[in-house]
Amino acid sequence: MKLKHLLVTLMFAASFVAVPVFAEPTYDASKGLVPCGGYNPDGSEQAMCTFTDIMILINTVINFLIFTLALPIAAIVFAWAGFIFITEGSNQSKRTQAKNMMINVVIGLVLALASWLIVKTILVSLGVKINFLGIEM
């Protein structure tokens with residue numbers, strides 16, 4: 001039982017090693033989340049927000065939610081379900097629970113990535129040039 005707890009703790013700790021990789025922003029962090037309509041550090045007023053700035057904000061928020069939150073959480077849940085599936089070989093209810101967890105993670109990822117694709121398609125149809133993770137101006 002202690003070995004099982006040790007393995008779970010190690011898996012949980014190891015899952016956070018890759019999370020900082022996803023934390024790199026796809027926007028210029030020195031400008032902040034909304035890089036317009038406010039004040040510069042020297043006190044001068046910034047230009048008013050345009051349609052493109054709003055699209056940059058939407059793109060940044062969607063990318064953060066998908067790539068910084070959803071994918072690492074899905075990987076952790078998928079690994080946990082695999083661990084349950086492997087370690088609880090004789091317990092049929094636990095195996096069914098693990099299968100359901102895996103299916104739910106896959107469905108959730110498909111829905112999240114489909115929503116990401118829909119947002120990207122709408123942005124492109126509105127004339128915003130987009131590369132894979134950011135906006136080209």
Side-chain angles (χ1 to χ4, degrees):
M1 192 63 158
K2 289 183 180 183
L3 179 63
K4 185 176 179 181
H5 289 300
L6 177 65
L7 286 174
V8 169
T9 304
L10 287 175
M11 284 177 46
F12 185 72
S15 65
F16 286 103
V17 172
V19 174
V21 172
F22 294 110
E24 182 180 340
T26 58
Y27 63 96
D28 186 3
S30 65
K31 294 182 179 178
L33 186 60
V34 182
C36 61
Y39 293 95
N40 292 320
D42 62 0
S44 61
E45 192 171 327
Q46 294 177 343
M48 294 301 294
C49 291
T50 62
F51 178 74
T52 304
D53 294 322
I54 295 170
M55 295 300 110
I56 290 171
L57 174 64
I58 291 171
N59 186 55
T60 303
V61 169
I62 293 293
N63 285 339
F64 174 78
L65 291 175
I66 298 293
F67 296 107
T68 307
L69 294 180
L71 287 179
I73 290 171
I76 291 168
V77 173
F78 201 75
W80 178 250
F83 179 76
I84 291 173
F85 190 79
I86 289 172
T87 58
E88 301 292 336
S90 61
N91 190 345
Q92 189 62 32
S93 66
K94 288 286 189 177
R95 289 175 59 95
T96 304
Q97 177 190 7
K99 287 179 187 177
N100 289 338
M101 285 174 69
M102 289 181 187
I103 290 170
N104 289 337
V105 166
V106 170
I107 290 171
L109 275 179
V110 167
L111 290 175
L113 293 176
S115 66
W116 176 76
L117 184 62
I118 290 169
V119 168
K120 297 294 180 183
T121 304
I122 291 171
L123 290 175
V124 168
S125 68
L126 291 173
V128 179
K129 296 180 183 178
I130 297 177
N131 61 20
F132 180 63
L133 288 177
I135 293 184
E136 296 175 353
M137 301 314 275

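- Once rounded to the nearest 0.5 Å, the distance linking CD of Gln97 with CD1 of Ile84 reads 5.0 Å.
- The shortest heavy-atom contact between Ala81 and Ala98 is O-CB, 3.4 Å.
- Looking at residues two or more places apart in sequence or on another chain, you find a side chain to side chain contact (heavy atoms under 4.5 Å, CB included) between Asn91 and Glu88, Ser93, Lys94.
- When each of Ile73, Ile76, Val77 is paired with Val105, the side-chain contact (heavy atoms from CB on, under 4.5 Å) condition holds for Val77 and for no other.
- When each of Ile62, Thr121, Leu65 is paired with Trp116, the side-chain contact (heavy atoms from CB on, under 4.5 Å) condition holds for Ile62 and for no other.
- Annotation for Ile107: hydrophobic cluster partners, listed by chain and number, are Ile103, Leu111 (ILVMFWY side-chain heavy atoms under 4.5 Å, direct or chained).
- Side-chain atoms of Thr96 and Gln92, non-hydrogen and from C-beta on, do get closer than 4.5 Å to each other.
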